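Below you'll find the structure, written out as structure tokens, and then a few comments.
Keep in mind that this is a model prediction, so the values were computed, not measured.
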Amino acid sequence: MSSGENTGGSTSMRAWQRMLSGRRLDLLDPSPLDVELEDIAHGLARVARWNGQTHGEFAFSVAQHSLLVEQIMGLLNPALSSPHRLYALLHDAPEYVIGDMISPFKAVVGGAYKQVENRLEAAIHRRVGLSAHPDHKLKATIKKADKIAAYFEATQLAGFEFKEAAKFFGQPNGVSIDQLDLSPLPTLTAQSRFLDRLAQIMDDL
């Protein structure tokens with residue numbers, strides 16, 4: 001059934017995504033009960049960062065980016081708590097169903113995308129025992145790590161000049177490239193590593 005197919009004579013559009021786990025995830029009113037961790041790992045490992053415009057045999061997936069951001073958060077603050085690490089690892093988790101939209105296009109689409117993203121984020125966080133959203137301070141810290149990750153991805157994988165990347169993402173203060181591995185991973189490897197790290201952090205909560 002396509003996303004625009006009518007059922008039973010109704011003119012309403014389908015607003016749910018069928019997951020491989022068998023769940024039906026309502027995109028407009030998502031329930032934590034319909035969020036499966038395996039679905040998140042599966043989806044994020046198959047979503048490409050930079051719209052796939054990266055060097056390497058494999059795409060650099062959102063799953064691998066999420067692991068990178070959590071690693072950078074830990075490098076910036078070695079005493080980072082498990083809940084904060086979990087927020088960092090899941091910072092792009094809604095993209096397992098809505099995909100990775102590059103920032104310039106998000107700005108064009110506007111508020112509707114953000115509303116859907118926020119509702120999915122809340123459902124995902126509640127599924128793993130977190131509050132719906134991180135507080136402003138933590139969100140800013142995650143954003144800093146996210147921009148550092150973006151800087152290195154841009155310069156190492158996506159063809160950006162260093163000066164250009166610094167203009168858009170800032171200088172990656174506090175982290176150096178030799179501390180990171182940005183080699184794009186095969187899909188199943190990225191999926192497995194994301195799910196394993198998720199389980200490790202949740203065990204420490």
For [Y], does its backbone N or O pair with a side-chain atom of [X] as donor and acceptor, under 3.5 Å?
X	Y	value
Q179	S176	yes
H125	A122	no
R127	V35	yes
N51	Q53	no
Q64	L185	yes
Q171	Y151	no

Least distance between heavy atoms, [X] atom then [Y] atom:
X	Y	value
S82	I201	O-CG2, 3.3 Å
S61	L44	CB-O, 3.6 Å
S21	E36	OG-CG, 3.6 Å
L80	H84	CD1-CB, 3.7 Å
A149	L68	CB-CD2, 3.7 Å
A63	F194	O-CD1, 3.8 Å

Using side-chain heavy atoms (C-beta onward) and a distance below 4.5 Å, is [X] in contact with [Y]?
X	Y	result
I148	L76	yes
V128	L37	yes
K143	K147	yes
L120	E117	no
L180	F152	yes
H65	D146	yes
S81	Y87	no
H133	K139	no

Cluster overlap [X] with [Y], hydrophobic side-chain contacts below 4.5 Å:
X	Y	answer
F168	I142	no
L28	Y113	yes
L89	L182	no
W50	L67	no
I72	F162	yes

Worksheet item: Any chance CZ of R23 has more than 12 other-residue heavy atoms, nucleotides or ligands included, within less than 6.0 Å?
Response: yes
Worksheet item: Is the number of heavy atoms from other residues, nucleotides or ligands under 6.0 Å of R46 CZ greater than 12?
Response: yes
Practice prompt. Inspect the contact between E164 and K167 and indicate whether a charged nitrogen and a carboxylate oxygen are less than 4.0 angstrom apart.
Written response: no
Rounded to the nearest 0.5 Å, what's the gap from [atom1] on [X] to [atom2] on [Y]? Could you check?
X	Y	atom1	atom2	result
D100	E95	CG	CD	4.0 Å
T155	I177	OG1	CD1	6.5 Å
R126	S31	CZ	OG	10.0 Å

Fill in: Criterion side chain to side chain contact (heavy atoms under 4.5 Å, CB included) on R119 and D26, from CA distance to verdict
CA-CA 10 Å; R119 289 170 185 166; D26 188 327; over 6 Å; no
Practice prompt. For the residue pair F160 and F169, categorise the inter-ring angle as parallel (less than 30°), tilted (30 to 60°) or perpendicular (more than 60°).
Written response: tilted
Discussion item. Is the distance from the ring center of Y96 to that of H42 below 6.0 Å?
Written reply: no
Worksheet item: Can you name the one residue among I124, L195, V97, L198 that meets side-chain contact (heavy atoms from CB on, under 4.5 Å) with I40?
Response: I124
